[in-house]
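All ligand and atom numbering here is 1-based and tracks the order in the structure.
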Amino acid sequence: MTSPYSPSAAGFTAPAKKQLGQHFLADRSYIDKIVLAVNPKDDDRLVEIGPGQGAITLPLLRRHPRLTVIEFDRDLIAPLTAAAAPLGELTIVHRDVLQVDFTELADGGQIRLVGNLPYNISSPILFHAMEHAAVIRDMHFMLQKEVVDRMAAEPGSKVYGRLSVMLQAWCRVTSLFVVPPGAFRPPPKVDSAVVRLVPRDPATVGILDRKRFADVVRAAFGQRRKTLRNALNNVVSAAQFEAAGVRSDARAEQLEVAQFIALANVPHLDGDDVPQG
Ligand code: SAM
């Protein structure tokens, strides 16, 4: 399908591919706000996910002479290369971002991730990044506003859920600003927002077993209207609730992230009625 919008930020016209979540940023004021929020410094190693037609890439390259981008759409590679050539050193990784090993890419250092993400795979990208949080200094992502609200939500909020807990366990999450549909070509149906995630020092996160933590959080919010005792009846025993100091008559949406971590960290106790694998 061909987009009716032209020209693109990179000065070339390419059809927008819906299946790749292509909504190109076209409003200069929001592009400037993103670059300002990232505020690249000389030694930074910037990695952009989904550069598209270069709306953020080219202004970033003007501020910072080296940039790595990860783009899945073959049709965008040549025009992006040409548009970037006079500005700086652009390394293009032509792959699905979910297949990119950020730890390998970081090569012993730390990277800063930036991206107006393809909304259809934004959660998988976030979870993928969490796997590599130790090599990521920070992330600035544009996402659906509704997703950003869930990411940054606090206990007690209606939108506090699995995404909030899984991300906040590893990162400090700050919603920065809202971007309306009219800032994109073609416009998405919903508002967007830019969010900053800053991974915590891995030594302070305190999760003993990632899989166990993920299982507990998933089960707790799988039936969020139930008490934790009921929602977790195959996952956490009464003795484990007690050992973690967590009330089993609470609901998942009332628990702080640290309490989920405490609950998941309690070892299997003698006499437990709950099998753990
Ligand atoms: N950064 C550009 C902008 O702001 O105008 C484009 C943003 S657009 C919302 C998302 C970009 O991610 C598109 O360029 C799309 O081709 C790319 N993309 C989609 N799926 C991808 C994947 N699995 N891996 C890497 N890039 C992907």
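In R95, the part holding a heavy atom less than 4.0 Å from any atom of ligand 1 is the backbone. Under 4.0 angstrom from ligand 1, the non-hydrogen atoms of P51 all belong to its backbone.
For P118, no nitrogen or oxygen atom sits less than 3.5 Å from a nitrogen or oxygen atom of ligand 1, counting backbone and side chain alike. Taking only nitrogen or oxygen atoms, main chain and side chain alike, G52 reaches within less than 3.5 Å of ligand 1. Looking at L25 next to ligand 1, an N or O pair under 3.5 Å apart turns up. Of the N or O atoms in L117, none lie within a sub-3.5 Å distance of an N or O in ligand 1.
Against a heavy-atom cut-off of under 4.0 Å, E48 is close to the following atoms of ligand 1: 1 (N). Close approach of ligand 1 to F24 is summarised as follows: ligand atoms under 4.0 Å from at least one heavy atom of the residue are 5 (O), 6 (C). Every atom of ligand 1 with a heavy atom of D73 under 4.0 Å away is listed here by number and element: 16 (O). Which parts of ligand 1 touch A55 is read off a 4.0 Å heavy-atom cut-off, strictly below it: atoms 3 (C), 5 (O). Of all atoms in ligand 1, numbered sequentially from 1 with element shown, those under 4.0 Å from a heavy atom of G21 are 8 (S), 9 (C), 10 (C).
Aromatic rings of Y30 and F184 (six-membered ring for Trp) have centroids beyond the 6.0 Å cut-off, not under it.
Side-chain contact check for Q144 and D191: no donor-acceptor pair (N or O, by modelled atom type) lies under 3.5 Å. When only modelled atom types and interatomic distance are considered, N39 and R63 share a side-chain donor-acceptor pair under 3.5 Å.
In the candidate list F184, F72, Y119, F72 is nearest to atom 25 (C) of ligand 1, counting heavy atoms. Closest heavy-atom approach to atom 4 (O) of ligand 1 among the candidates N120, V100, N116, I121: N116. Comparing heavy-atom distances from atom 15 (C) of ligand 1 across E71, K17, Q19 singles out E71 as nearest.
Checked for salt-bridge contact, R229 and D249 miss the test: no charged N lies under 4.0 Å from a carboxylate O. Between D75 and K17, at least one side-chain nitrogen of the basic residue sits less than 4.0 Å from a carboxylate oxygen of the acidic one, meeting the salt-bridge criterion.
The shortest heavy-atom contact between R210 and M130 is NH2-O, 3.4 Å. The two atoms that bring G206 and I261 nearest to each other are O-CG2, 3.5 Å, heavy atoms only. When all heavy atoms of V114 and I56 are compared, the pair lying nearest together is CG1-CG2, 4.3 Å. Minimum interatomic distance between D209 and K211 (heavy atoms only, all atoms of both residues): OD1-N, 3.0 Å.
Within the 4.0 Å heavy-atom cutoff, L98 does not count among the residues contacting ligand 1.
H64 contributes no side-chain N or O that, together with a main-chain N or O of P40, makes up a donor-acceptor pair within less than 3.5 Å.
For atom 23 (N) of ligand 1, the nearest non-hydrogen atom of the protein is D96 OD1, 2.9 Å. For atom 24 (N) of ligand 1, the closest heavy atom belonging to the protein is V97 N, 2.9 Å. When hydrogens are left out, the protein atom nearest atom 19 (C) of ligand 1 is L20 O, 3.1 Å; that is the closest non-hydrogen contact. Among protein heavy atoms, atom 12 (O) of ligand 1 sits closest to G50 CA, 3.3 Å.
For E71, the salt bridge (Lys or Arg N to Asp or Glu O under 4.0 Å) criterion is met by no residue, not counting sequence neighbours.
Here I92 contributes atom CD1 and L76 contributes atom CG; the two are 9.0 Å apart, rounded to the nearest 0.5 Å.
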